[in-house]
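Encoded as structure tokens, the structure appears first; notes follow it.
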Amino acid sequence: GGEGELGAMPHQIRGSLRQFSLLSITGNAYDKCTACSDVVVEWYRKKDWDFVVDALNKPAHLEEVTGLAKMKKEAEDFDVDIEWDDEDDDA
């Protein structure tokens, strides 16, 4: 997570009722994150609430802005010809 107005912002908060504790988990930044990537922050700073409205009104908007849509399309178009061997080699 990054440093925000209220301090460190973890990516996840996990809790344990048994131990009555919370664990803040942070990880490496992902350049296609639809929440905190640099491009999302930059667009928000430029467009302010218009960016938020676009994101709410167009479900795929954040995926387009971050490049996630392009990455997903490339993954779908990736043609791999895999032959699975169903026979047991030990037999």
Side-chain angles (χ1 to χ4, degrees):
E3 286 290 324
E5 297 294 323
L6 301 175
M9 294 180 3
H11 291 121
Q12 296 180 21
I13 299 176
R14 296 197 179 180
S16 168
L17 290 175
R18 182 174 183 216
Q19 297 175 349
F20 200 68
S21 64
L22 292 175
L23 178 63
S24 297
I25 300 172
T26 57
N28 296 327
Y30 180 52
D31 67 334
K32 292 177 180 38
C33 179
T34 56
C36 66
S37 64
D38 289 340
V39 70
V40 169
V41 173
E42 180 182 327
W43 273 60
Y44 174 72
R45 287 184 177 149
K46 285 181 183 177
K47 297 185 75 178
D48 202 49
W49 281 105
D50 289 337
F51 178 68
V52 176
V53 170
D54 286 345
L56 293 173
N57 289 330
K58 303 172 198 161
H61 183 65
L62 288 173
E63 290 184 2
E64 291 293 332
V65 168
T66 60
L68 192 57
K70 180 182 177 194
M71 184 188 77
K72 288 167 67 175
K73 174 79 170 110
E74 289 171 353
E76 290 171 1
D77 293 345
F78 191 69
D79 188 19
V80 178
D81 194 18
I82 299 176
E83 292 184 29
W84 300 99
D85 186 11
D86 290 338
E87 293 186 27
D88 188 1
D89 292 330
D90 295 336

Report the residues that fulfil salt bridge (charged side-chain N to carboxylate O under 4.0 Å, His left out) with Asp48, sequence neighbours left out, ordered by chain and then residue number. none
Counting heavy atoms not belonging to Lys47, are there more than 12 under 6.0 Å from its NZ? yes
Using links of under 4.5 Å between side-chain heavy atoms of ILVMFWY residues, direct or through other members, which residues join Val39 in one cluster? Val40, Trp43, Tyr44, Trp49, Phe51, Val52, Leu56, Leu62, Val65
Sorted by first residue and then second, give each salt bridge (charged side-chain N to carboxylate O under 4.0 Å, His left out) pair with at least one member in residues 20-46; sequence neighbours left out. Glu42-Lys46
Side-chain cluster (under 4.5 Å, hydrophobic types only) that Met71 belongs to, other residues: Tyr30, Leu68
Partners of Arg18 by side chain to side chain contact (heavy atoms under 4.5 Å, CB included), sequence neighbours excluded? Ser16
Going by salt bridge (charged side-chain N to carboxylate O under 4.0 Å, His left out), name the residues that satisfy it together with Asp50, two or more places apart in sequence or in a different chain. none
Which pairs, with at least one residue in residues 56-69 and sequence neighbours excluded, count as a side chain to side chain donor-acceptor pair (under 3.5 Å)? Glu63-Lys72
